[in-house]
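Here the structure is laid out as structure tokens; the discussion comes afterwards.
Residues take their numbers from the sequence shown, with the count starting at 1. Just so we're clear, the structure is a prediction, and the values are computed from it rather than from any experiment. Start at 1 and go down the list; that is how both ligands and their atoms are numbered.
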Amino acid sequence: MKTYTNVKDLGDLNAAIQEALEVKKNRFGYKHLGENKTLLMVFFNSSLRTRLSTQKAGMNLGMNTMVLDINQGAWKLETERGVIMDGDKTEHLLEAIPVMGCYCDIIGVRAFAQFENKQDDYEEKILNQFIKYSGRPVFSMEAATGHPLQAFADLITIEEYKKTARPKVVLTWAPHPKALPQAVPNSFADFMNEADVDFVITHPEGYELDPKFVRGAKVEYDQDKALAGADFVYAKNWAAYTDPNYGQILSKDRAWTVSTEKMALTNNAYFMHCLPVRRNMIVTDDVIESPQSIVVQEAANREISAQTVIKRMLESL
Ligand code: CP
């Protein structure tokens, strides 16, 4: 595996899930693969889970791990070609990336959507420059349009908790005070559309996601109807994708907050969220603290999804 940005990079999805479950059972059994190999994790944005779980995954595989926070201690980077660099940016990404590649064997990159230019975000301008210029295998640690390590962990978690062969999985928009990227719902849809689940997306009108990720999923604008009979409820906020509202907040309607009343419509569903989560905006205290909440188990599986991806990259060096 040379890149990991979406579900297709995993190939056979069932085989990937089985491999991940093997990794989970024997997470220190592959240490030889990472001996004298270095993982570089580059963060343009903050993180708790991704930083810790990916570093742990690298260590489980016997790798040395290095973390670079671009906005804390590194030179400020220019990302556009042709810019006269007489401002506050000291170094260009086009030199910085191959230099970073000199010091490591595999690179993980976190670079969120900036909501300044939809085309730049949806062309994954920063992530793709790492893929093109680093000379190393590159995986996304949440980029502008996708969070495939999260979605893989979500799928592993659904596999572990499902009670029927083909569970109903509902992705529901929920309110949030800030404009958030579509990366998590995009990747969740990308994965669920390839998994053996009955997948439904629900959101207020105006929050339609990129059709490239929605594909054949059922979209239901009535949240209560969508939640009926659900086995898994996956809550997430995102800002508008469709023009002319790209990156805008169109609603903060707390009638969409996942509450005990909403969960009562489901088939005793498990509650999922990628975290961090805003309580009593996205989900009530009662729901997230209930026995049906599997948000911590989901976060724990971030170590497993990362380890499975890095393992495959080590195997292909
Ligand atoms: N879910 C997730 O990616 O968490 P962090 O932003 O804390 O890494």
Query raised in the report: Are the ring centres of Tyr122 and Tyr241 closer than 6.0 Å?
Result: yes
Query - Set of residues satisfying side chain to side chain donor-acceptor pair (under 3.5 Å) with respect to Asn6, sequence neighbours excluded - result: none
Report task. Please say whether the positively charged group of Arg110, taken as NZ for Lys or CZ for Arg, lies over the ring of Phe44, i.e. under 6.0 angstrom from the six-membered ring centre and within 45 degrees of the axis. Result -> no
Query - Spacing of CD belonging to Glu91 relative to CD belonging to Glu78, to within rounding of 0.5 Å - result: 11.5 Å
**Report entry** Sub-4.0 Å heavy-atom environment of ligand 1, residues by chain
**Finding:** Ser47, Leu48, Arg49, Thr50, Arg110, His147, Gln150, Cys274, Leu275, Arg302
Report task. Verify the neighbour count for atom CD of Glu289: are there more than 12 heavy atoms of other residues, nucleotides or ligands below 6.0 Å? Result -> yes
**Report entry** Within 6.0 angstrom of Lys2 NZ, more than 12 heavy atoms from elsewhere
**Finding:** yes
